[in-house]
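See below for the structure under consideration.
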Amino acid sequence: MSVTNQEREVKVYGNYINGEWVNSATGQVSESTNPAKPSEIVGIVQKSSVEEVNEAFTAANEAHKSWSRLAGPARGDYLLKVSNILEERLDDIALTMTKEMGKTYVEAKGEAARGVAILRYYAGEGMRSTGDIIPSSDSSALMFTTRASLGVVGVITPWNFPIAIPIWKIAPALVYGNTVVLKPANETSVTAAKIIECFDEAKLPKGVINLVTGSGAVIGDAMLANPYIKAVTFTGSNTVGKHIGRQAFERGIKYQLEMGGKNPVIVAEDADLDLAVEATINGGLKSTGQKCTATSRVIVHESVYEEFKQKLMSETAKITVGNGEDSSTWMGPCASASQLETVLSYIEIGQQEGAVLLQGGERVEGEGYFVTPAIFENVTPDMRIAREEIFGPVLCLMKVSSMEEAVELANDSDFGLSASIFTTNIQKMLTFINEMDVGLVRINAESAGVELQAPFGGMKQSSSHSREQGRAAIEFFTSIKTVFVK
Ligand code: NAD
């Protein structure tokens with residue numbers, strides 16, 4: 001179905017429940033708009049009710065009975081089919097993502113390609129071992145472990161990686177025999193619907209995957225209250241994550257929370273400064289700084305501070321800010337009006353706190369939610385801009401006089417997701433690996449960007465301490481059974 005808007009057709013996307021595209025019985029919809037051009041409506045999605053959530057869970061619970069009994073390789077075959085369909089539609093889905101949340105088309109295509117690769121990785125998982133033979137002290141007995149699926153998994157995702165995050169949760173959930181109800185972020189529900197279209201076209205059995213769009217509070221609480229939910233995997237803010245964690249704990253179901261970051265990069269006195277500048281810019285400002293692994297605190301040794309600062313300022317000044325659909329754009333808009341407001345408010349807060357705004361942080365005139373990349377210096381660890389996740393293109397420079405001070409400062413955060421160091425000294429590398437309280441330690445590499453076959457997740461307030469991606473995903477999406485046969 002579509003409606004006419006701005007002299008062009010705007011498609012209305014339904015919920016996907018039990019293998020059918022259905023509109024919400026509420027009759028209510030919301031418009032997904034383009035942050036680079038807010039008057040452009042990208043698509044119309046359903047504002048669903050508790051009833052639709054319950055219908056999706058009932059369908060997923062019914063489907064689990066046969067899906068969980070299907071052989072692993074057969075489940076993998078379905079994922080392979082989905083990957084091929086996604087690959088065929090990659091350009092269109094990437095463009096939809098750029099229109100919905102502003103990421104440049106180049107980055108969006110990279111993310112969509114990542115989605116294809118994740119599906120293929122987990123298609124292969126369907127053929128890999130899921131248990132161990134354990135020597136029994138009884139020589140006539142056989143003891144081993146096998147893994148059982150959990151049942152229906154609720155998947156709640158943010159807007160910043162609208163293809164990769166849903167897929168890196170859905171693919172392992174399905175291949176290990178679970179069924180899924182996906183609730184994507186409102187801002188990127190059209191992209192989510194287009195992903196689910198790929199699953200639909202691959203003809204997964206009815207009810208194996210379901211999509212319900214709408215308000216986080218309404219849909220989220222209904223998901224957590226549903227009697228069929230057996231696990232919830234969430235990526236998003238700490239406030240919402242903790243709310244979900246509390247409900248899951250009360251219900252006694254498994255939960256996985258991937259939340260915020262305040263990621264440091266250390267630039268040691270022996271660093272390759274050009275490399276460090278390039279990685280700080282890529283890690284901190286790509287996707288307009290809207291990555292949980294984005295570089296935010298830049299801790300630089302005093303002996304190279306001035307040189308690093310000058311290079312960082314001059315390279316950052318070259319960044320082209322604009323519509324992500326234009327090939328000349330390096331950095332797109334903030335993903336929403338509220339995201340832009342948050343960034344601008346932190347620019348104010350930083351200055352009020354006494355940090356020096358070296359450049360950027362200005363609202364770009366025009367319709368879209370554009371801001372220029374900001375660099376602060378004289379940032380002290382007690383300042384809000386040094387402690388709170390801004391989720392925007394803001395870098396905070398801090399000067400130190402020793403490696404010990406640098407590591408202490410880097411660890412002085414409630415978050416513990418990713419940390420980078422730039423150094424050519426092996427001892428500094430080893431100290432950094434050993435001392436950093438983070439889930440992702442990166443040496444001479446930007447803080448953002450982990451390969452899909454490696455575990456991903458954080459320490460401290462960044463995560464509920466489970467890991468996503470790679471083989472690590474099996475720990476969350478299955479339960480171990482220990483078998484003794486005599
Ligand atoms: P958010 O917490 O506002 O929303 C995330 C999801 O939760 C959305 O689908 C939203 O609709 C839903 N939601 C909102 N209220 C809810 C409720 N009461 N119950 C259940 N669900 C509810 O986060 P966001 O703004 O979409 O994303 C930005 C945040 O995500 C940042 O904090 C970022 O660091 C984090 N993030 C973390 C990772 C990671 O892997 N650690 C990756 C990407 C983003």
Side-chain angles (χ1 to χ4, degrees), residues 30 32 35 45 47-48 50 53 100-101 103 111 114 154-169 181-189 191-192 211-226 229 232-248 255-263 287-296 334-343 388-392 413-418 438-440 447-450 452 455-469 472-473 476:
S30 65
S32 180
V45 295
K47 265 191 182 173
S48 312
V50 173
V53 175
E100 262 198 313
M101 58 75 67
K103 186 176 290 197
E111 185 183 331
R114 167 70 75 112
V155 173
I156 303 179
T157 54
W159 46 262
N160 69 329
F161 284 99
I163 294 183
I165 293 179
I167 289 180
W168 83 48
K169 292 175 185 293
V181 176
L182 168 66
K183 185 257 169 280
N186 268 343
E187 293 85 346
T188 50
S189 290
T191 305
L211 168 77
V212 185
T213 59
S215 143
V218 174
I219 311 295
D221 286 354
M223 288 172 86
L224 270 294
N226 189 280
I229 192 168
V232 60
T233 173
F234 165 85
T235 298
S237 63
N238 283 64
T239 313
V240 175
K242 284 182 179 170
H243 171 70
I244 289 173
R246 279 191 290 272
Q247 294 175 85
Y255 61 94
Q256 175 177 56
L257 313 172
E258 293 302 334
M259 300 172 287
K262 191 72 192 170
N263 310 292
S287 289
T288 322
Q290 301 167 131
K291 293 184 186 178
C292 54
T293 49
T295 302
S296 166
C334 295
S336 62
S338 71
Q339 212 45 46
L340 172 67
E341 222 172 275
T342 304
V343 172
E388 298 172 13
E389 185 183 46
I390 299 174
F391 223 54
S413 173
D414 296 334
F415 297 105
L417 187 50
S418 182
V438 294
L440 310 167
S447 62
V450 174
L452 64 98
F456 177 87
M459 294 185 185
K460 300 198 269 187
Q461 299 288 313
S462 288
S463 159
S464 58
H465 304 271
S466 69
R467 292 290 179 267
E468 299 196 277
Q469 303 203 50
F476 179 73

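All ligand and atom numbering here is 1-based and tracks the order in the structure.
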- Item | Under 3.5 Å donor-acceptor, N263 side chain and C292 backbone | yes
- Does the pair K103 and Q290 meet the rule for a side-chain hydrogen bond (donor to acceptor under 3.5 Å, both in side chains), with working shown? CA-CA 9 Å; K103 186 176 290 197; Q290 301 167 131; over 6 Å; no
- Query: Of the backbone atoms (N, CA, C, O) and the side-chain heavy atoms from C-beta on, which set of L224 has a member under 4.0 Å from an atom of ligand 1: side chain, backbone, both, or neither?
  - Reply: neither
- Which option out of G236, G214, A185, G261 puts a heavy atom nearest to atom 30 (O) of ligand 1? G236
- min-distance protein heavy atom vs atom 38 (C) of ligand 1 -> C292 SG, 2.9 Å
- ligand 1 to I165, heavy atom cutoff 4.0 Å, flagged ligand atoms 42 (C), 43 (C)
- Message: Within the structure, is a non-hydrogen atom of F161 found at a distance of less than 4.0 Å from ligand 1?
- Response: no
- Message: For F456, which part has a heavy atom under 4.0 Å from ligand 1: side chain, backbone, both, or neither?
- Response: side chain
- Side-chain donor/acceptor of S462 to backbone N/O of G260, under 3.5 Å: yes
- Item | T191 backbone acceptor or donor facing T188 side chain under 3.5 Å | no
- Message: Side chain or backbone, does S237 bring an N or O within less than 3.5 Å of an N or O on ligand 1?
- Response: yes
- Where's the contact between M259 and ligand 1, heavy-atom distance under 4.0 Å: side chain, backbone, both or neither? backbone
- Please name the pair of heavy atoms, one in T233 and one in E468, separated by the smallest distance, quoted to 0.1 Å. OG1-OE2, 3.8 Å
- If you scan protein heavy atoms around atom 27 (O) of ligand 1, the nearest is P158 CB, 3.3 Å
- Query: Under 4.0 Å from any heavy atom of N160, which atoms of ligand 1 are there?
  - Reply: 43 (C), 44 (C)
- Message: Counting non-hydrogen protein atoms only, what is the nearest one to atom 28 (C) of ligand 1? Give residue, atom name and distance.
- Response: F391 CE2, 3.6 Å
- Item | Close-contact set for ligand 1 against V240 heavy atoms, below 4.0 Å | 2 (O), 7 (O), 13 (N), 14 (C), 15 (N), 16 (C), 17 (C), 21 (N), 22 (C)
- Query: Considering all protein heavy atoms, does one lie under 4.0 Å from atom 4 (O) of ligand 1?
  - Reply: no
- Message: Heavy atoms only, cut-off 4.0 Å: how does E389 contact ligand 1, side chain, backbone, both, or neither?
- Response: side chain
- Query: What pair of heavy atoms forms the shortest contact from N186 to G214, and how long is it?
  - Reply: OD1-O, 2.8 Å
- Task: Begin from the C-alpha positions of W168 and F476 and carry the test ring pair (Phe, Tyr, Trp, His ring centres under 6.0 Å) through to its verdict.
- Result: CA-CA 12 Å; W168 83 48; F476 179 73; over 10 Å; no
- Query: For atom 12 (C) of ligand 1, what is the nearest protein heavy atom, given as residue, atom name and distance?
  - Reply: I156 CG2, 3.7 Å
- For ligand 1, note which part of T157 has a heavy atom under 4.0 Å away: side chain, backbone, both or neither. backbone
- Task: Could you name the option among K183, M101, K242 that has the heavy atom nearest to atom 11 (O) of ligand 1?
- Result: K183
- Item | side-chain hydrogen bond (donor to acceptor under 3.5 Å, both in side chains), paired with S296, selected from K262, E389, K291 | K262
- Evaluate the side-chain proximity of N160 to T235: yes if any heavy-atom separation is below 4.5 Å, no if none is. no
- Nearest protein heavy atom with distance in Å, relative to atom 24 (P) of ligand 1: W159 NE1, 3.4 Å
- Item | Main-chain N/O of S336 paired with E187 side-chain donor or acceptor, under 3.5 Å | no
- Task: Answer with side chain, backbone, both or neither: which part of P184 has a heavy atom less than 4.0 angstrom from an atom of ligand 1?
- Result: backbone
- atom 20 (C) of ligand 1 [closest protein heavy-atom partner, distance rounded to 0.1 Å]: G220 CA, 3.3 Å
- What protein heavy atom sits nearest atom 19 (N) of ligand 1, and how far away is it? G216 O, 3.5 Å
- Report, in ascending order of atom number, the atoms of ligand 1 lying under 4.0 Å from any heavy atom of G260. 34 (O)
- Under 3.5 Å: donor-acceptor pair, side chain of S447, backbone of T295: yes
- Query: Where's the contact between T235 and ligand 1, heavy-atom distance under 4.0 Å: side chain, backbone, both or neither?
  - Reply: both
- Which atoms of ligand 1 sit under 4.0 Å from any heavy atom of F234? 2 (O), 5 (C), 6 (C), 7 (O)
- Heavy atom of I219, distance to ligand 1 below 4.0 Å: no
- Side-chain donor or acceptor of R246 paired with backbone N/O of G241 under 3.5 Å: no
- Is a side-chain N or O of T288 found less than 3.5 angstrom from the main chain of G392, in a donor-acceptor match? no
- Min N/O separation N186 to ligand 1 under 3.5 Å: no
- If you look at every heavy atom in A335 and P35, which pair is closest and at what distance? O-CB, 3.4 Å
- Task: Over all heavy atoms of both residues, which pair between M223 and V181 is shortest? Give the atoms and the distance, please.
- Result: CE-O, 3.5 Å
